[in-house]
Amino acid sequence: NNKGNNMKKLIVFVCLITLLFVSCKSTDTDITVVAKDGTPIWVTQIPQSKKLYYGVGVAKLSNLQNSQSSADAAARSDLAKKLQATIEEATVNYTNDSEKAVAQAYESIVLQTVKLTMKGVKIEQRYTATDGRVYSLVSFEAKKLKDLYKDAANDYKNQLEEKKLKLEQEKLNLEAKKALCESAEE
């Protein structure tokens, strides 16, 4: 049954994503480390963590407040691109041999998850350089991303089940109309 195969693929895909998140992270970077000049390490080296995803942004505008807001937005954008690329890579690897509809469903889940993710972003640190540039470091918990992705996959599963119920109801309605037509012909 095709719907059963799609559900199996969806479950395997969620497991693959979970494995990707768990296995892709290397050793944790200590974001409190600073260089001799006082610059935080994360300004020049993107932090790595098993528990967090990071994004870094930089901006220099007319005043400190605008620079901070712009650096925060750039850091969120950096993080979103990394999350989307990570998830899309796993999606492409998995859906290369699957049906087009399944691949489109996964793509929809990816985009929905990345959008939802931005709500849980935390500003870890900000640093203002002597030239007025403001750097912003943002993070997002890997566990939350896994949970969001599972929720999105479950939402998709529920949508499939609703569509199946509607199609079954339409089939029953058509069969009833057919029976009425056949009895009217007799």
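For the pair I123 and R76, the minimum side-chain heavy-atom distance is below 4.5 Å. In this structure, K82 and I46 have side chains that are in contact, with non-hydrogen atoms separated by less than 4.5 Å.
A single hydrophobic cluster is seen to contain both Y54 and V58, as judged by linkage of ILVMFWY side chains at heavy-atom distances under 4.5 Å, directly or through other members. There is a path of hydrophobic side-chain contacts, each under 4.5 Å, that joins Y127 to L52. Using a 4.5 Å cut-off between side-chain heavy atoms of Ile, Leu, Val, Met, Phe, Trp and Tyr, with links allowed through other members, V56 and I31 fall into the same hydrophobic cluster.
For Q125, the side chain to side chain donor-acceptor pair (under 3.5 Å) partners at least two apart in sequence or on another chain are W42. For A59, the side-chain contact (heavy atoms from CB on, under 4.5 Å) partners are S70, A71, not counting sequence neighbours. The side chain to side chain donor-acceptor pair (under 3.5 Å) check on T32 picks up D30, with sequence neighbours excluded.
Nearest approach of A75 to G57, heavy atoms of both residues: CB-N, 3.4 Å. Annotation for L61 and N66: closest pair CD1-O, 3.4 Å, computed over non-hydrogen atoms.
Clustering of Ile, Leu, Val, Met, Phe, Trp and Tyr by side-chain heavy atoms under 4.5 Å joins V34 with none of the others.
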Could you tabulate the donor-acceptor pairs under 3.5 Å formed by side-chain atoms of residues 167-181, not counting sequence neighbours?
{"residue": "Q169", "atom": "NE2", "partner": "N173", "partner atom": "OD1", "Å": "3.3"}

Anything under 3.5 Å between a donor and an acceptor, one on a side chain of residues 134-142, the other on a protein residue two or more places apart or in another chain? List them.
{"residue": "Y135", "atom": "OH", "partner": "R133", "partner atom": "NH1", "Å": "3.0"}
{"residue": "S136", "atom": "OG", "partner": "D72", "partner atom": "OD1", "Å": "2.6"}
{"residue": "S139", "atom": "OG", "partner": "E124", "partner atom": "OE2", "Å": "2.6"}

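With S77 contributing its side chain and A73 its backbone, the two residues share no donor-acceptor pair below 3.5 Å. Counting only distance, with no hydrogens or angles, the side chain of T29 and the backbone of Q48 share a donor-acceptor pair below 3.5 Å.
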